Structure formats: structure tokens, C-alpha cells
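None of these values were measured; they are calculated from a predicted model.
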Amino acid sequence: MVTDLSRRRLDDLERLIDAGSDGRWLVLTHDNPDPDALAAAQLLARLLENHFGQIVTCGYGGLIGRAENREMVRSLKLSFSHLRHLRFDNYARFALVDTQPRTGNNQLPRKIVPDAVFDHHPLRRATQSAAFYDVRTEYGATATILSEYLAAAGLSPTRALATGVVYALRSETQDFRRESAGPDKRLYDELLPRVDKRLLAKIQSSRLPLDYFRNLHDALENLFGLDTLVVSHLGEVTQPDIVPEVADLLLRLEGKTWSLTTGLYDERVYLSIRTTNVRADAGRIMHRLVGRNGKGGGHGMMAGGWVKITTGYAENPRSLQDQLARRLAKALRKNPDRLQPIRLKPGD
């Protein structure tokens, strides 16, 4: 299904492209891209290449770390290049998907104003400097927005890309338990009969490295609770994607409606917030937690960010992690002094 808004915006995008003389595009995701970012980038690339005749490279920074995400790229043969292999000077046009300028979670240099931005997170001031932007917070996934553009252009995703979009929608909305507008579910129902079910199952049941279980053990050994809040502090992690994965898992703990997970990676504390409260604004709370020493964002029931480990915390980063947990407790109007370890073994 295509909305009138997407048809109008496709026309606006066409005017932008017609005004340019060089069709070399770099489409960038946020760092450590998730399935929604991966699928959205591929949808935009298909639109630019097949409808507008542009030349497109999809790039990312950080790691494609989570096992399911790596399997998604590998099994569906999605074309991505790490930014270490790319030069910004080789491109004339730039697009951001599932992220926005100056959020601290993408590698677009500050001096470059993107030509186009597509996202479903709250609109940032810097985004309004872009020649074209489409930010729809009422959508549950950026891939849904770009799927509508593709349909408005009379194009369809390949079977592999349809499989990737379906997985992205399930992941981003947690099987539609997390906030998701009507268009997300309608797109899911439309694409589901077209997916490669064998590859979808392979992605969802991808093999997990031993480090995953080490991190999970670390998370469960460092649990803290306060009323409806559960917290876990990881030590050094091999890739930051494990932090939101643990936060998702902890939210399933009986009696808990908020979860916070932190982990150490590359001289930063990465943190993720999850909640079951449909009226919450996790993104706003994340901004309060990271303050001026980091970057963060989100929407509604989920948020992520990072804080730089400054000199004062270099010898004991765990104290910074504890401080972040106390800030969250205060933001939720709970007494941080009542945060207590959760023991999993009887008698501990």
C-alpha cells in the first residue's frame, strides 16, 4: 500500500535528483547497523539505481556484530562496504537512513550536509539543513517508509530484499509488540508470502559465537533491581550490539517494565534502555543520561547511546556505569540507593 504522502515525496526526491549533475551516491546507515538500517539502505539503493539511474554504494561504520545481522547480509547477499574502504571524496551525493546528521551514531563528517535523510526517530535540528528529508515518527521502521517509495515508483523488492525487510520489521517491532504504526503491519503482511522462508529461518536461528555466551554470563552475574527496573553492567564486550540484545532479554524478566544494560567498548560505555510502557519517552530519558559527554537517542519504548570514558573514570569505568544506572533510577522517580543485586542462585 502506498500513501499519498509517499507519492508526493517521491516527486520531491525526483526534483532534487534532476537538479544535480553527478549521480554518485553514498548511502550511509548508523554505526553498528541493525536489520532496519540494513534493509532501508538496500531499498533506497534499489530506488536510486532502478528508478533514477543513479550509481549507489551502501556504507556503514562500526561493526555488523550481531550474529543474525551478519547472517542477514551474508545469506541475502546484501552489498555493503565498510567506510574504512571508502573515500567521501569519491561521492557527490549523500543519504542517511535510520539515522540523522550530528547524532554521534554515524560517520558522516560534520562538514557534509546530506542530500537526503530518511528516518523514523524524532526529527533533529541538523536534519532540517538537508535538501530533502522524510522523518516519520509514527512509523515503526525506516524500511517501511522506503518500501512505500519503491512501490510509488512502480518497483518491487527482490525476493531476497523482501526477506530482509520482513526480518527487519519483526526485529524492529519485536514481532509488533513494540510501537508500530499500521503501515508496518500492512507491509509485513504484503511481503510475507514472497519471502524465502528457508533463508529467513537461517537468519533467525543463526549460530552464535562463544563470546555471546560469555557476555550473557557476564550480564546475568551483574544484575541489579529496583522495583520495576532491572539493570545489568557488562564489562568489555567484543561488539556493542550485545548491549541492546541483553536489554531486550532482561525486559522479559517477570515484574520488570524497564531495563538498562551497559557495556564497555572502544573507550566508551554503551547503554540501551527498554520499556514496556507505551506512554514512555525513552529517547528523552537517554538524552538526560548521556548529557554532554556522549550521544544518544531513541523513541518511545527503546533508546540507545554512549558516553565517553573520560580520564576520571579510566581506572574504574564501572563507577561510570553505576552512575548511569543511578541517573535512570532518579529519572524514573525511584531511590537509586535501593538498587540491589539480583542473585540467581538460591541462597546467594
> Below 4.0 angstrom, N of the basic side chain to O of the carboxylate: do D322 and R318 qualify?
Replying inline: yes
> Does the Q54 side chain pair with the main chain of L47, one donor and one acceptor, at a distance under 3.5 Å?
Replying inline: no
>> Is it true that, when you exclude K308 itself, more than 12 heavy atoms of the residues, nucleotides or ligands shown sit nearer than 6.0 Å to its NZ?
In response: no
> Are side-chain heavy atoms of I17 and E14 found at a separation under 4.5 Å?
Replying inline: no
> Would L123 and Y133 count as a side chain to side chain contact (heavy atoms under 4.5 Å, CB included) if you check the C-alpha gap in whole Å, the side-chain angles of each, and the deciding distance to 0.1 Å?
Replying inline: CA-CA 10 Å; L123 180 65; Y133 62 90; 3.9 Å; yes
> Is E267 atom CD crowded by more than 12 heavy atoms from other residues, nucleotides or ligands, each under 6.0 Å away?
Replying inline: no
>> Run the side chain to side chain donor-acceptor pair (under 3.5 Å) test on D134 and Y149 for me, step by step, so that the C-alpha distance in whole Å, both residues' side-chain angles and the decisive distance to 0.1 Å come before the verdict.
In response: CA-CA 11 Å; D134 192 346; Y149 277 76; 2.6 Å; yes
>> Please list all pairs meeting salt bridge (charged side-chain N to carboxylate O under 4.0 Å, His left out) that have one or both residues in residues 96-122, counting only residues at least two apart or in different chains.
In response: R93-D115
>> I'd like to know if R170 and E68 make a salt bridge, using a cut-off of under 4.0 Å between side-chain N and carboxylate O.
In response: no
> So do L271 and V307 actually touch side chain to side chain, heavy atoms under 4.5 Å?
Replying inline: yes
> At their closest point, which heavy atom of P35 faces which heavy atom of A168, and how far apart are they?
Replying inline: O-CB, 3.5 Å
>> Any non-hydrogen side-chain atom of H121 less than 4.5 Å from a side-chain atom of T103?
In response: no
>> Tell me whether H217 at atom NE2 has more than 12 heavy atoms from other residues, nucleotides or ligands lying less than 6.0 Å away.
In response: no
>> Would D196 and T163 count as a side chain to side chain donor-acceptor pair (under 3.5 Å) here? Give the steps.
In response: CA-CA 6 Å; D196 186 320; T163 303; 5.9 Å; no
> For K197, does the NZ atom have more than 12 heavy-atom neighbours from other residues, nucleotides or ligands under 6.0 Å away?
Replying inline: yes
> Taking side chain as C-beta onward, heavy atoms only, is Q42 less than 4.5 Å from C58?
Replying inline: yes
>> Counting only heavy atoms not in R252 (residues, nucleotides, ligands), do more than 12 fall under 6.0 Å from its CZ?
In response: no
> Can you tell if the side chain of M301 reaches within under 4.5 Å of the side chain of N277, non-hydrogen atoms only?
Replying inline: no
> Between R327 and L289, is there a donor-acceptor pair closer than 3.5 Å when you use the side chain of the first and the backbone of the second?
Replying inline: yes
> If we only count heavy atoms from C-beta on, is the T3 to P183 side-chain gap below 4.5 Å?
Replying inline: no
>> Using a strict threshold of under 4.0 Å (side-chain N to carboxylate O), is an ion pair present between D4 and R7?
In response: yes
> Are L332 and T228 side-chain neighbours, meaning at least one heavy-atom pair lies under 4.5 Å?
Replying inline: no
> Any Lys/Arg nitrogen of R9 or D12 sitting under 4.0 Å from an Asp/Glu carboxylate oxygen of the other?
Replying inline: yes
> Looking at K256 and D227, what are the two nearest heavy atoms and their distance?
Replying inline: NZ-O, 2.6 Å
> Does N50 have any side chain to side chain donor-acceptor pair (under 3.5 Å) partners at least two apart in sequence or in another chain, and if so, which?
Replying inline: none
>> Once you measure the plane-to-plane angle for F176 and Y188, does it fall in the parallel (<30°), tilted (30-60°) or perpendicular (>60°) bin?
In response: perpendicular
>> Once you measure the plane-to-plane angle for F80 and Y60, does it fall in the parallel (<30°), tilted (30-60°) or perpendicular (>60°) bin?
In response: perpendicular
> Are any non-hydrogen side-chain atoms of K185 and T173 less than 4.5 angstrom apart?
Replying inline: no
